[in-house]
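Written out below as structure tokens is the structure these notes cover.
Computed from a predicted structure; not experimentally measured. Values reported hereafter were calculated over all heavy atoms of this structure, with side chains retained and with hydrogens, waters and symmetry mates removed.
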Amino acid sequence: TLKPAGRLTWQVVAKGILDPANPMGLSVAGDIGLLGVEASVPGGKDRVKLDGKVGVSNTTANLALALLSGPTDLSVKGSAVDWLALALPKLSAGRVAKIDVAVVSKTIDLDRLLPPPDTTTKVESTKPLELPKLPPVALRASFDAGLIKVMGQSLTGTHLVPSHCWMRT
């Protein structure tokens, strides 16, 4: 079982009409907080703990999360401008969400974080799953990790920064 623990808080106020083509027609402001939210991952060796905050306004959403699980620490910070175009693409009148995200970690131990694969059951060949069609997104991202452990191997000093991403499906 997951055995969840922790607190989820929120204070969000909204009024007006939800219209991505006219985000100022909706007045929204607020914060959602995660305070010591913990759960056990089935098959995982350590509990996962999450702390953080999400803030929203008419046009912008901001995110700051910290994840801890055994030796793994992960910090995710991000923002989404024109987020309603992502949430309601058919009503966005051509607006494109702009997402900025940075992931930083001293250590990511995937061998401890993820459960081992189930080798007792035979996997049947099936048609690959397709992702749903996503609206266009302008994405700026970075990933920095001091140490990544996976399948008994170690990668050190990992740094990834795509120069420019434009996603359209």
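- With sequence neighbours left out, T60 forms a side-chain contact (heavy atoms from CB on, under 4.5 Å) with S57, N62, V81.
- Residue pairs that meet the salt bridge (Lys or Arg N to Asp or Glu O under 4.0 Å) test with at least one member in residues 55-64, sequence neighbours left out, do not exist here.
- In K77, the NZ atom is not crowded: 12 or fewer heavy atoms of neighbouring residues, nucleotides or ligands sit closer than 6.0 Å.
- S142 OG to H159 NE2: the interatomic distance, rounded to the nearest 0.5 Å, is 7.0 Å.
- For the salt bridge (Lys or Arg N to Asp or Glu O under 4.0 Å) test, residues two or more places apart in sequence or in another chain that qualify with D100 are R140.
- Considering only residues two or more places apart in sequence or on other chains, D31 meets the side-chain contact (heavy atoms from CB on, under 4.5 Å) condition with K53.
- No donor-acceptor distance shorter than 3.5 angstrom exists from the side chain of T156 to the backbone of L147, with no hydrogens or angles considered.
- No donor-acceptor distance shorter than 3.5 angstrom exists from the side chain of K15 to the backbone of V13, with no hydrogens or angles considered.
- A heavy-atom distance below 4.5 Å is not found between the side chains of V41 and L113.
- A distance-only check finds a donor-acceptor pair linking the side chain of D111 to the backbone of G152 [under 3.5 Å].
- The CD atom of E38 lies 9.5 Å from the CG atom of L68; values are rounded to the nearest 0.5 Å.
- For D73 (side chain) and T107 (main-chain N/O), a donor-acceptor pair under 3.5 Å exists by modelled atom type.
- Residues passing the side-chain contact (heavy atoms from CB on, under 4.5 Å) test with D51, sequence neighbours excluded: K49.
- Note that OG of S105 is 5.5 Å distant from CG of L74, once rounded to the nearest 0.5 Å.
- Shortest non-hydrogen contact noted between I32 and W10 is CG1-CB, 4.0 Å.
- Residue D46 holds its CG atom at 8.5 Å from CG of D109, rounded to the nearest 0.5 Å.
- Taking hydrophobic clusters as Ile, Leu, Val, Met, Phe, Trp and Tyr residues chained together by side-chain heavy-atom distances below 4.5 Å, L8 shares a cluster with L67.
- Closest of all the heavy-atom pairs between G52 and L65 is CA-CD2, 3.8 Å.
- Clustering ILVMFWY residues whenever any of their side-chain heavy atoms sit less than 4.5 angstrom apart, transitively, puts L160 in the very cluster that holds L110.
- With sequence neighbours excluded, the residues satisfying side-chain contact (heavy atoms from CB on, under 4.5 Å) with L155 are I148, T158.
- Residues P135 and L86 approach most closely at CG-CD1, 3.7 Å, considering heavy atoms.
- Closest of all the heavy-atom pairs between A97 and A85 is N-CB, 4.1 Å.
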What's the verdict on side chain to side chain contact (heavy atoms under 4.5 Å, CB included) for D82 and V96, showing C-alpha distance, side-chain angles and the deciding distance?
CA-CA 7 Å; D82 287 332; V96 175; over 6 Å; no
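- Hydrophobic clustering, with ILVMFWY side chains joined whenever heavy atoms are under 4.5 angstrom apart, keeps V54 apart from L35.
- In this structure, L2 and P42 have side chains that are in contact, with non-hydrogen atoms separated by less than 4.5 Å.
- Note on I99: it does not cluster hydrophobically with V104, by side-chain heavy-atom contacts below 4.5 Å among ILVMFWY residues.
- Counting heavy atoms from C-beta outward, K149 and R112 have side chains that stay 4.5 Å or more apart.
- Using a 4.5 Å cut-off between side-chain heavy atoms of Ile, Leu, Val, Met, Phe, Trp and Tyr, with links allowed through other members, V103 and L114 fall into the same hydrophobic cluster.
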